[in-house]
Asks: 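Sharing a structure here in structure tokens format.
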Protein chains: 2
Amino acid sequence: MSGAPAGAVESDAARGIRLMIADDEHLIRGALVALLNLEPDIEVVAHADNGVAAVEQAIAARPDVCLLDLEMPGADGIEAAARILAQVSTRVVIVTRHARPGVLRRALASKVSGFVPKSTPAEELAHVIRDVAGGRRYIDPEIAAAALTAERCPLTDRELDALRFSRGAMSVQQIAERLHLAQGTVRNYLSSAMTKLDATSRHDAAEKAWQQGWI
Amino acid sequence: MSGAPAGAVESDAARGIRLMIADDEHLIRGALVALLNLEPDIEVVAHADNGVAAVEQAIAARPDVCLLDLEMPGADGIEAAARILAQVSTRVVIVTRHARPGVLRRALASKVSGFVPKSTPAEELAHVIRDVAGGRRYIDPEIAAAALTAERCPLTDRELDALRFSRGAMSVQQIAERLHLAQGTVRNYLSSAMTKLDATSRHDAAEKAWQQGWI
DNA sequence: CGCCCGGCGTGACAAATGTCACTGGCATAG
DNA sequence: CTATGCCAGTGACATTTGTCACGCCGGGCG
């Protein structure tokens, strides 16, 4: 928000990583801003409290690195990352509370450079930011391992389709219309998915599949 | 963790508020510890990443103020607060992501002194801690207003009974047995509760009632 | 080729769930 | 006293959900 210093300093100036922070929780955002500003080689040049604002801020401030929370109103971190990277030459680090394997895959598909859970020690974060600013990538080893270990999804394509719509409280009727199928068919897929996932209701199944990052 | 300085300094020494911080997210806990330690009159003397550890730490370190996250594994913030206050002469501030009226009521019933959402600006937090250390109370005005505005629970006793069991996935059949009622009766209470709470399923209703602190 | 297997798709059926109309008790206002 | 309203309690009914047995198709395999 503070005006850029007079003209010439470009983003790849030798000293100082220009950082943007986006997190919807004021307390945490404030703490991170203050904390990272203490690092001698990091300068927080912008911050936002939702995905849409994050994109605007990134375009305006052109930071070297963007630190995005995954869970944000408006546009989630990955969506914001995709939009930012499409328009600005920068690198993105995603921070998340619920680090599921599938999310990591989505994130990597959006070309983010870093992926860390909020269980990361604070000191480590500055380290990651420097790595990423230097052109390297950083993926939290725990999550990476989980993503690679994760058993292949046992669900069939159509089962996944049906499950996808089951989140967000659509009725079987509505799902059937949406997929151009008979109600019984949809129920069948859902039932089958429930069996495979050992769930007691389709909401439960959808939840579990989501946790695994399969939908 | 660090050993206490030689003997005599007691917790009500004139200078310095001894603070404990509990939050299960390492990143946030670390940021808060660092940030609040920067305040000249605050000293972070312990921290924990779950409710049980928080109680132990509080007993061991005897801080002046405990800052507890509401959402923690083990024991949630309010439970931890109750246990701490039963054994240590200290004051508790609860910090939470989802600030719902009912939670505030539960918290106050446990004699906590402060209640703030994570949307609080970071600068404000130190202020709150000083207030509380000084024996005053601080309740986030937004939440307080919401709690006072919140209409009285519209549910009848039996509806509440039925809802209580509906959390934890008991079937109508089982609830009926447990309450010595006919299944139809239970369904009726549940249905009525759903209408009153504008919910689409009994789980939904139970969830909403819980959110409000009614069960 | 003939066979079997796995995924897709369907309808019939049963159980669980939610809605409704109704009875009776009890308190309270008129 | 009577009327009114609220809550407890019940069963009949409609809807939704989950399970099953089945038919169809395409792709390996003996």
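In the text below, chain A, chain B and the rest are named by the order of the sequence lines, each starting its count at 1. Keep in mind it's a predicted model, so treat the numbers as computed, not measured.
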Asks: State, to 0.1 Å, how close B:Met194 and B:Arg202 come at their nearest heavy-atom pair, and which atoms those are.
Replies: SD-N, 3.7 Å

Asks: With sequence neighbours left out, what residues match A:Glu39 under salt bridge (charged side-chain N to carboxylate O under 4.0 Å, His left out)?
Replies: A:Arg130

Asks: Got more than 12 heavy atoms from elsewhere within 6.0 Å of CD, A:Gln174?
Replies: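 Atom CD in A:Gln174 is packed in, count exceeds 12.
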
Asks: When you look at B:Asp69 and B:Lys118, which way does the salt bridge (charged side-chain N to carboxylate O under 4.0 Å, His left out) test go after all the steps?
Replies: CA-CA 9 Å; B:Asp69 186 13; B:Lys118 282 195 174 169; 3.4 Å; yes

Asks: Determine the minimum heavy-atom distance between B:Ile42 and B:Asn37, stating which atoms define it.
Replies: O-OD1, 3.9 Å

Asks: Write down the atom of B:Leu68, the atom of B:Ala54, and the distance for their closest heavy-atom approach.
Replies: CD2-CB, 4.3 Å

Asks: Identify the two heavy atoms, one from A:Gln57 and one from A:Ala46, that lie closest to each other, and give their separation to 0.1 Å.
Replies: OE1-CB, 3.4 Å

Asks: Please write out each protein N/O paired with an N/O of nucleotides 7-11 of chain D under 3.5 Å, distance rounded to 0.1 Å.
Replies:
residue, atom, partner, partner atom, Å
D:dC7, O3', B:Thr156, OG1, 3.1
D:dA8, OP1, B:Thr156, OG1, 2.8
D:dA8, OP1, B:Arg158, N, 3.4
D:dA8, OP2, B:Thr156, OG1, 2.6
D:dG9, OP2, B:Arg158, NE, 2.7
D:dG9, OP2, B:Arg158, NH2, 3.2
D:dG9, OP2, B:Tyr189, OH, 3.1
D:dT10, OP2, B:Ala182, N, 3.2
D:dT10, OP2, B:Thr185, OG1, 2.9
D:dT10, O4, B:Asn188, ND2, 2.5

Asks: Can you confirm whether the side chains of B:Ser119 and A:Glu25 place a donor and an acceptor under 3.5 Å from each other?
Replies: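 No donor-acceptor contact under 3.5 Å links the two side chains.
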
Asks: Quick check for you: name the first and last nucleotides of DNA chain C, 5' to 3', having an atom under 4.0 Å from a heavy atom of chain A.
Replies: C:dG7 to C:dG11

Asks: What residues from residues 199-206 of chain B pass a heavy-atom cutoff of under 4.0 Å to DNA chain C?
Replies: B:Ser201, B:Arg202

Asks: Taking only residues two or more places apart in sequence, or in another chain, which ones meet A:Arg187 in a salt bridge (charged side-chain N to carboxylate O under 4.0 Å, His left out)?
Replies: none

Asks: Kindly write out the residues that satisfy side chain to side chain donor-acceptor pair (under 3.5 Å) with B:Lys111, not counting sequence neighbours, or none if the list is empty.
Replies: none

Asks: Rounded to the nearest angstrom, tell me the gap between atom CD1 in A:Ile175 and atom P in D:dT16.
Replies: 13 Å

